[in-house]
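In what follows, chains carry the letters A, B, and so on, assigned in the order in which the sequence lines appear, proteins first and then strands, with residues in each chain numbered from 1.
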Number of protein chains: 2
Amino acid sequence: MTFLQEVVDLLLAYIVESFDRETKVIDFHYPNELLQLNNWELQDEPATLDDILISCRATLKYAIKTAHPRYFNQLSTGLDMVGLAADWLTSTANTNMFTYEVAPVFVLLEYVTLKKMREIIGWPDGRGDGIFSPGGAISNMYAMLLARFKMFPEVKEKGMSSVPRLAAFTSEHSHFSIKKGAAALGIGTESVICIKADECGKLIPADLERRILEAKQKGFVPFFVSATAGTTVYGAFDPLIAISDICRKYNVWMHVDGAWGGSLLMSGRHRWKLDGVERANSVTWNPHKMMSVPLQCSALLNLLTPQGLMQNCNQMHACYLFQQDKHYDLSYDTGDKALQCGRHVDIFKLWLMWRAKVGGLACGRFVPYIIAAYLFPLSLVCVFPQPQHTNVCFWYLPPGIRYMEDKEEQKKRLHKVAPVIKARMMEYGTTMVSYQPQGDKVNFFRMVISNPAATFEDIDFLIEEIERLGHDL
Amino acid sequence: MTFLQEVVDLLLAYIVESFDRETKVIDFHYPNELLQLNNWELQDEPATLDDILISCRATLKYAIKTAHPRYFNQLSTGLDMVGLAADWLTSTANTNMFTYEVAPVFVLLEYVTLKKMREIIGWPDGRGDGIFSPGGAISNMYAMLLARFKMFPEVKEKGMSSVPRLAAFTSEHSHFSIKKGAAALGIGTESVICIKADECGKLIPADLERRILEAKQKGFVPFFVSATAGTTVYGAFDPLIAISDICRKYNVWMHVDGAWGGSLLMSGRHRWKLDGVERANSVTWNPHKMMSVPLQCSALLNLLTPQGLMQNCNQMHACYLFQQDKHYDLSYDTGDKALQCGRHVDIFKLWLMWRAKVGGLACGRFVPYIIAAYLFPLSLVCVFPQPQHTNVCFWYLPPGIRYMEDKEEQKKRLHKVAPVIKARMMEYGTTMVSYQPQGDKVNFFRMVISNPAATFEDIDFLIEEIERLGHDL
């Protein structure tokens, strides 16, 4: 207990430091260097508790301070104290989601929360089903599994050889997990057809319809459309109403990947971006992103048609877990719906934060919108005409290439700018922001604001830092 | 910070209580009752921090005390203080495993630990690959994915329609995740062929060979054999050497599902049960079971043939995460190997516990063997002749049916005994043990010992409690 308290003292000090702008975001070292800086190898002799505390200190010293107001590198940033407390409680309770028997409270909280999320999506009386899964990629995989099983239930026993060639559709800006899911499920990445997006990154419905018809002509059976609510890079929202019209016309399962943007459903001001989501068959929504719930917390929600779809799709009736002669209502033994057997308790942190902040979860979080709006005009050369979410993508053109006449040469040189600035940022440890190319666009910075601790000042700092670090390039 | 400290104080008190035999294992309520006992619904008004503390207290009050010395219900029991501290640190660091960029220390620790685990398996120089995944079912799914991709790499792009009908083989006592994986991956449950087990629950190699030949004759391509090291119910170890001979003969991927028994690899005294594991192509090993690492911690390890198999199987080259022009050694960006995108940090708790206990992790843990040996002769009517692991399965025959002459009627009545005793155990909250039927065997108790806090006295208590609660049946 003294040991645990000592670790807690370390952690509390780390948290205070993480929010302090005087602290570095990262004390960066190259992998080989870091391997030598500390004795990370597993020894043959047990360490004392004092040594263990030293290991904890070293681990924190070289960790990225993801709560730091100047850490903008990923969609999940920040650290919420209620969420953290809930995660500590979850670790202490150390149980598993498979049955009511071993996780009575957590199973009920999952039930209550999933229902609330479905109500917010707009499904009548919050009807439907759902599950918390280990991340958005797996949530999207569940959606694809359900869509396939609904159309061809024999696939469960007989596999894909009993089924015609399937086709799935998603925007060229959608998340790579759609293809990853198709590869794993035996559908194949070639069956994922990428639909054109406009300059803002939104899927073009006319192209979707064209590609569905084309696939049908080629003998494929269209079974799944994944629309994105908040793309990873541009933060674009696909036009859900138009997409749902097409899905209904061709009788295709409509999934909405709202891993990033789904949390806007909680905001009176921004939820219009997801208009039409209530027409979807399934929705991915990751509270660990915009809602700042500690990692991981991702839900797949589905409208319950037909009854028991997820259960029927995945269940295997393991009789050591899901005995049918138990003394309580077996509908609370939800584990057989899952792809997993043991399932980590991800619900409590969301439930407790929701309770502490309610709408505030959303409203508080929408400070990032104000920050993003502040960044946009400052952001050097923008990649897209108008931000739709808190993503802002831009190029920094150092003076040496700013006025180059040879545009091809300029592009080539510009492509190398962001990686060098990023490397320098990490070496100085002052801030972190992501970069990438996209299609024919060379490397640009993707700023994304989800940390409630970030202020206008931090944005000014970032822009100045990019200029400082890239001026000579 | 005061709030966090108050939650910690609650948690420390809960831990002390959990180890106290005077405390109930569970304060049981039926779902509808529990829903009404506390206000679990999500409100429209934010709660105060005092209310949040009350919610934490209520959650702990109705939680199962999985660390309690008389909680025997699952394979994962107990609570280790170093592991818990490590999990609290992980939550505080709140990062993601996808790249070295955002998780430098954790990525290195995963690298170091996976290598050590492969050395322990016995692969030359610890060569190979691996990943920590969200549980044994997903680890087994990875193995099946790798086996399929190795034989038919075109499946990734073209799906299962480009591949002949596959056949996988596993014991009738194996874990249900093998079938679940086959269903999800588009292989189909009918392609999973169940091999006969002997009375101890071990796979019969002659039956495996017969069924492989039969499948080939029917035009199936055998691609995957999953042997089990520690079955869920009996704790049986399949004969790995004989199985590997067959796998080599027919050129089939050999997987060892050591989710439960894999930890015996760390014990000089017990590792012979896994002799032959070094011949496997892949191994599932869950430190969250016998090694008492907090939930979840599961690894899939694979022998690296050919080079980069896991990467090639799953990678999608997302250019917003896995930029190829980064400034450090990109082989540490391991995220594209995963089925997931974001991946929870499960490594630190294992690494820290390993450091604190080393072999002790194993040796200390093998107290449960002594306890299991003590239980076996006491355990009323045993289901199998000889325990191989810490699983002991037995029937309790109440006096009213003990001497019945009509054996069919006796079986029918006996089938109802365990569920009633279990229900009563939970209502009294004194202890918890699992039960189930298996094949033609009616409901029996499955005792499993993995909690290092359990003693002979707790076993005596369990047996007496079963007699007390079932005497009238």
Side-chain angles (χ1 to χ4, degrees), chain A residues 7-8 11 30-31 40 42 46-47 52 59 62-64 66 79 85 87-88 91-95 102 105 112 116 134-135 137 156-160 176-177 179-180 183 185-190 294 296 316 318-320 325 327-329 332 340-342 344 354-358 419 423 436, chain B residues 7-8 11 30-31 40 42 46-47 52 59 62-64 66 79 85 87-88 91-95 102 105 112 116 134-135 137 156-160 176-177 179-180 183 185-190 294 296 316 318-320 325 327-329 332 340-342 344 354-358 419 423 436:
Chain A
V7 174
V8 167
L11 298 178
Y30 288 92
W40 308 107
L42 292 164
I52 291 298
T59 302
Y62 301 111
I64 306 283
T66 59
L79 188 63
D87 217 18
W88 288 1
S91 305
T92 311
N94 195 34
T95 195
V102 301
V105 182
V112 163
K116 190 79 176 180
K156 183 176 178 181
E157 282 86 31
K158 301 197 180 298
M160 286 294 287
F176 69 89
S177 54
K179 283 200 173 179
K180 206 163 235 193
L185 305 189
I187 294 165
T189 54
E190 287 179 2
Q296 291 182 324
M316 291 291 151
C319 58
Y320 75 97
D325 46 11
H327 57 128
Y328 58 80
D329 176 354
Y332 289 95
Q340 301 170 266
C341 171
H344 189 261
W354 198 312
R355 209 164 167 90
K357 323 207 160 176
V358 201
Q436 67 160 98
Chain B
V7 173
V8 167
L11 297 178
Y30 288 92
W40 309 107
L42 292 163
I52 291 297
T59 301
Y62 301 112
I64 306 282
T66 57
L79 187 64
D87 217 18
W88 288 3
S91 304
T92 310
N94 195 34
T95 195
V102 301
V105 182
V112 163
K116 189 79 177 181
K156 184 175 179 182
E157 282 86 30
K158 300 198 179 298
M160 286 293 289
F176 70 90
S177 54
K179 284 200 172 181
K180 207 164 232 190
L185 304 189
I187 293 165
T189 54
E190 286 178 4
Q296 290 182 320
M316 291 292 150
C319 57
Y320 75 96
D325 46 11
H327 58 127
Y328 58 81
D329 176 354
Y332 290 95
Q340 300 171 265
C341 171
H344 190 261
W354 198 312
R355 212 165 164 87
K357 323 208 159 177
V358 202
Q436 66 160 99

Proximity breakdown for A:Val105 and chain B, heavy-atom pairs closer than 4.5 Å: both
Which atom names give the shortest non-hydrogen contact between B:Gln436 and A:Cys319, and what distance separates them? CB-O, 3.3 Å
Let's test your reading of the structure: which of A:Ala63, A:Pro294, A:Ala137, A:Gly159 forms the most heavy-atom pairs below 4.5 Å with chain B? A:Gly159
Choice from A:Asn94, A:Val8, A:Ile52, A:Val7 maximising heavy atom contacts with chain B below 4.5 Å: A:Asn94
Checking A:Val102 against chain B: side chain, backbone, both or neither under 4.5 Å from a heavy atom? both
Heavy-atom cut-off 4.5 Å, strictly under: side chain, backbone, both or neither for A:Ser177 against chain B? neither
Portion of B:Tyr332 that has a non-hydrogen atom of chain A nearer than 4.5 angstrom: side chain
Turns out that what part of A:Lys116 lies under 4.5 Å from chain B's heavy atoms comes down to side chain
Do you know which of B:Leu79, B:Asp329, B:Thr59 has the most heavy-atom pairs with chain A at a distance under 4.5 angstrom? B:Thr59
Residue B:Lys156 versus chain A: region with a heavy atom under 4.5 Å: both
Indicate yes or no for a side-chain donor-acceptor contact from A:Gln340 to the backbone of B:Pro134 under 3.5 Å, with no hydrogens or angles considered. yes
For A:Ala356 and B:Pro46, which heavy atoms make the closest approach, and how far apart are they? O-CB, 3.3 Å
Tell me, side chain or backbone of A:Ile187 under 4.5 Å from chain B's heavy atoms, or both, or neither? backbone
Interface moiety of B:Thr95 toward chain A, non-hydrogen atoms closer than 4.5 Å: both
Roughly how far apart are A:Tyr30 OH and B:Tyr328 OH, rounded to 0.5 Å? 10.5 Å
Counting heavy-atom pairs closer than 4.5 Å to chain B, which one of A:His327, A:His344, A:Met160, A:Met316 comes out on top? A:His327
Hey, does the side chain of A:Gln296 reach the backbone of B:Gly342 with a donor-acceptor pair shorter than 3.5 angstrom? yes
If you tally heavy-atom pairs under 4.5 Å against chain A, which of B:Ala423, B:Ala183, B:Gly135 wins? B:Ala423
In terms of relative ring orientation, are A:Phe176 and B:Tyr320 parallel, tilted or perpendicular, with 30° and 60° separating the classes? tilted
Just by modelled atom types, is the A:Ala93 backbone N or O under 3.5 Å from a matching donor or acceptor in the B:Thr66 side chain? yes
Between CD of B:Glu190 and NZ of A:Lys158, what distance do you get to the nearest 0.5 Å? 3.5 Å
Return the CG to CG distance between B:Asp87 and A:Asp87, rounded to the nearest 0.5 Å. 7.0 Å
